[in-house]
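Here's the structure, in structure tokens; my notes come after.
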Amino acid sequence: KNVDFMESDLTKAVFSNCDLFNANFFKTKLIEANFSTAINYSIDPEMNSIKKARFSLLGIGGLLHKYDIKIER
């Protein structure tokens, strides 16, 4: 929680069961990073490199947060 990853290289990082509430991702390299068990992240795909990163279907809202849309199950 409340961590700053701005301009970090987190290539192939594994965020195993991490709560990323208020984490700052800006110009962060997240290539092949694994967020499949992480929660509460908000990552702008346009401002970060996320090629081949892994996300769970339940966490997909964390990639769309900036669009202020609602995702229903």
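- Residues satisfying the side-chain contact (heavy atoms from CB on, under 4.5 Å) test with Ile60, not counting sequence neighbours, are Leu63, Ile71.
- Clustering of Ile, Leu, Val, Met, Phe, Trp and Tyr by side-chain heavy atoms under 4.5 Å joins Phe26 with Met6, Met47.
- Hydrophobic cluster membership differs between Ile39 and Val3, with clusters built from Ile, Leu, Val, Met, Phe, Trp and Tyr side chains linked at under 4.5 angstrom.
- Every residue two or more places apart in sequence or in another chain was checked for a salt bridge (charged side-chain N to carboxylate O under 4.0 Å, His left out) with Lys51, and none qualifies.
- Once rounded to the nearest 0.5 Å, the distance linking CG of Asp4 with CG of Asn22 reads 11.0 Å.
- In this structure, Ser49 has no side-chain hydrogen bond (donor to acceptor under 3.5 Å, both in side chains) partners at least two apart in sequence or on a different chain.
- Aromatic ring centres of Tyr41 and Phe25 lie farther apart than the 6.0 Å criterion allows.
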Side-chain atoms of residues 10-21: list all donor-acceptor pairs with protein atoms under 3.5 Å, sequence neighbours left out, distances to 0.1 Å.
residue: Thr11; atom: OG1; partner: Asp9; partner atom: OD1; Å: 2.6
residue: Asp19; atom: OD1; partner: Phe21; partner atom: N; Å: 3.2
residue: Asp19; atom: OD1; partner: Asn40; partner atom: ND2; Å: 2.8

Legend entry - Leu30 vs Phe35, side chain to side chain contact (heavy atoms under 4.5 Å, CB included): CA-CA, chis, key distance, verdict: CA-CA 10 Å; Leu30 298 167; Phe35 291 88; 3.9 Å; yes
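- Closest non-hydrogen pair, Ser56 versus Ser36, comes out as CB-O, 3.3 Å.
- Here the straight-line distance linking atom CD of Glu7 with atom OG1 of Thr28 works out to 8.0 Å at 0.5 Å rounding.
- Counting only residues at least two apart or on different chains, no salt bridge (Lys or Arg N to Asp or Glu O under 4.0 Å) pair has a member in residues 54-64.
- Atom CG in Leu64 sits 9.5 Å away from atom OG in Ser42 (nearest 0.5 Å).
- Environment of CD1 in Ile69: crowded, with over 12 heavy atoms of neighbouring residues, nucleotides or ligands closer than 6.0 Å.
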Inset, instruction - Under the side chain to side chain contact (heavy atoms under 4.5 Å, CB included) rule, what do Phe55 and Ile43 come out as? Steps first, then yes or no, please. - result: CA-CA 11 Å; Phe55 300 91; Ile43 300 169; 4.1 Å; yes
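- Within 6.0 Å of atom NZ in Lys66, more than 12 heavy atoms from other residues, nucleotides or ligands are found, so the atom counts as buried in its surroundings.
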